[in-house]
There are 2 protein chains.
Amino acid sequence: METNLLKNISVDCVIFGFDMESLNVLLVERTMNASQSNDTLFSDLTLTGHHIYENEDLDGAAKRIVNDLTGLKNLVLEQFYSFGELDRLQHPNDQLWIDQFEGALDKRVVSIGYYSLLPSLNVNIKQKGRVVKWYPVNEISELAYDHTFILEKAISHLRYKLRYEPIGFEMLPPKFTLSQMQKLYEAVLGVELDKRNFRKKVSQMTYVVPLNEKQKGVSHKPAQLFMFSRDVYEKTKTERYDFFV
Amino acid sequence: METNLLKNISVDCVIFGFDMESLNVLLVERTMNASQSNDTLFSDLTLTGHHIYENEDLDGAAKRIVNDLTGLKNLVLEQFYSFGELDRLQHPNDQLWIDQFEGALDKRVVSIGYYSLLPSLNVNIKQKGRVVKWYPVNEISELAYDHTFILEKAISHLRYKLRYEPIGFEMLPPKFTLSQMQKLYEAVLGVELDKRNFRKKVSQMTYVVPLNEKQKGVSHKPAQLFMFSRDVYEKTKTERYDFFV
DNA sequence: ACAAAAGTGTTCGATATACACCCATGA
DNA sequence: TCATGGGTGTATATCGAACACTTTTGT
């Protein structure tokens with residue numbers, strides 16, 4: 001069914017997850033050994049991406065890439081920016097890697113950036129011989145290729161969007177407490193929020209609906225559980241037309 | 001200096017302008033005549049775009065495309081979204097056009113969308129045998145290719161951004177009145193604003209600075225002139241970390 | 001009984017909204 | 001002197017920020 005890969009176009013996916021502590025990203029280890037001695041030449045981390053097929057659209061490619069890694073379907077995927085700098089794959093390490101493993105592909109590649117929000121950290125990552133792990137976004141240093149830049153763009157896009165729209169619930173369990181939701185907002189926005197003021201705001205979000213159910217098995221007062229209703233959100237949202245200073 | 005065109009990648013530019021009345025877009029007529037009879041087979045409108053060169057980055061390609069059409073350099077250019085639907089160039093008219101004028105290019109093209117804001121409508125458009133005109137965004141019906149979709153994305157991106165950041169001054173003359181600025185905001189946001197409340201907000205924008213100069217030659221009370229200082233803006237802006245319901 | 005997180009209200013200042021009249025100029 | 005758009009202030013309602021104690025559960 002799938003045909004040729006387009007050698008100049010790829011999709012890179014920034015896969016975000018939340019573990020009730022910090023905002024995390026899935027990264028793949030890229031380790032290159034010398035062909036004879038087997039010494040490690042370099043070892044670094046990349047986002048997950050792939051070239052697109054000729055008969056596949058961009059959203060489809062993003063879906064395929066995340067699905068190949070996590071086995072998940074129907075997840076939130078959003079395109080946020082495209083990257084086409086001339087030198088984006090020109091680091092010597094990148095060149096070595098590309099020559100060895102992707103020799104047929106072109107050195108000039110424009111990559112379309114997508115991000116995905118995962119339901120939780122309990123997903124089973126399909127490792128396929130590569131080491132894939134979650135890393136807290138605050139503890140990531142330099143990535144391979146231009147992936148540090150791509151990640152930064154993704155984070156600021158996510159942050160920007162969360163400020164005005166209810167995204168992010170996909171990183172919480174289907175039933176969540178308000179404290180969990182608050183921690184998510186704090187992790188994404190990188191700021192501490194006041195509990196009472198937070199709850200006052202949330203109580204105006206008609207699409208965050210209380211369930212007839214409480215937390216169980218916690219050694220403190222069990223919290224009320226809530227769910228996010230995209231349905232209610234879509235039906236009640238109104239366009240904002242004013243502007244802010 | 002420039003080398004090969006990448007056959008699978010193009011950049012499309014949405015060029016916005018403002019004439020103190022409405023928000024406008026530059027569109028190019030695409031008219032196809034039958035080879036013998038010279039009857040018009042179809043005639044419609046497109047945005048302006050072009051494939052990118054192998055040794056040119058995305059921003060550079062966008063700059064080149066707008067410069068070719070307007071002769072302007074150093075204008076605001078911002079990437080907003082990329083378009084890669086399989087059927088985006090599959091309308092029979094598009095196929096006819098591509099076969100005739102761009103035969104060497106591939107039928108599978110991913111296009112990176114940029115928008116540009118022009119200083120005014122007084123720019124000299126380089127016509128190059130094509131008919132290029134400004135059209136009020138509210139009066140545009142169907143465009144060629146997937147350009148209606150691209151335009152819609154561009155408008156909503158512009159609108160979204162104007163609500164939170166001072167962009168759009170590039171569509172005003174360097175010295176402008178508050179009424180002109182208000183009309184711009186109304187045209188972009190698609191809403192009427194209260195004059196006194198608008199001015200109250202603007203007076204908090206330290207980067208909109210009054211000049212020692214007034215309008216001349218108008219048959220009513222001459223208005224105070226203002227300028228936009230990006231410098232002041234960059235120095236005084238603070239990150240917002242809170243969120244809205 | 002203790003530890004741990006849940007849950008709750010008020011005050012104060014800032015900001016948004018609604019609204020109407022006089023002013024300076026050119027024709 | 002008239003037509004045209006420029007320029008201004010106040011009252012009211014709403015929203016954001018700061019802040020501390022009681023409740024419920026498991027151990």
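Hydrogens, waters and symmetry mates play no part in the numbers below; they use all other heavy atoms, side chains included. Since the model is a prediction, treat every value here as computed from it, not as a measurement.
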**Item:** Rounded distance in Å - NZ (B/K216) to P (D/dG6)
**Value:** 18 Å

**Message:** Could you check, using the six-membered ring where one of them is a Trp, whether B/F149 and B/F83 have ring centers closer than 6.0 angstrom?
**Reply:** yes

**Asked** Is the A/F169-A/F176 ring centre distance short of 6.0 angstrom?
**Response** yes

**Message:** For a quick check, with a 4.0 angstrom heavy-atom cut-off, what is the B/S/- contact string for nucleotides 16-25 of chain D, read 5' to 3'?
**Reply:** -BBBB--BBB

**Asked** Can the ring centres of A/Y164 and B/F243 be said to be less than 6.0 Å apart?
**Response** no

**Chi angles and distances behind the ring pair (Phe, Tyr, Trp, His ring centres under 6.0 Å) call for B/F244, A/F244** = CA-CA 12 Å; B/F244 299 87; A/F244 299 88; 4.9 Å; yes

**Request:** Measure from NZ or CZ of A/R163 to the centre of the six-membered ring of A/Y185 and say whether it is under 6.0 Å with the direction within 45° of the ring axis.
**Result:** no

**Complete:** Span of DNA chain C engaged by chain B, first through last nucleotide within the 4.0 Å heavy-atom cut-off, is C/dT17 to C/dG26

**Request:** Before accepting this row, confirm whether a basic side-chain N of the pair B/E78/B/K161 lies closer than 4.0 Å to the acidic partner's carboxylate O.
**Result:** yes

**Message:** Considering every strand and a 4.0 Å limit on heavy-atom distances, what is the contact class for A/Q215: base, sugar-phosphate, or nothing?
**Reply:** nothing

**Request:** State whether A/R130 and A/E29 are salt-bridged, where the test is any N-O pair (Lys NZ or Arg NE/NH1/NH2 against Asp/Glu carboxylate O) under 4.0 Å.
**Result:** no

**Request:** Give the rounded distance in Å between these two atoms: CZ of A/F198 and C1' of D/dC15.
**Result:** 17 Å

**Message:** Is the ring pair A/F80/A/H157 parallel, tilted or perpendicular, if the boundaries are 30 and 60 degrees?
**Reply:** tilted

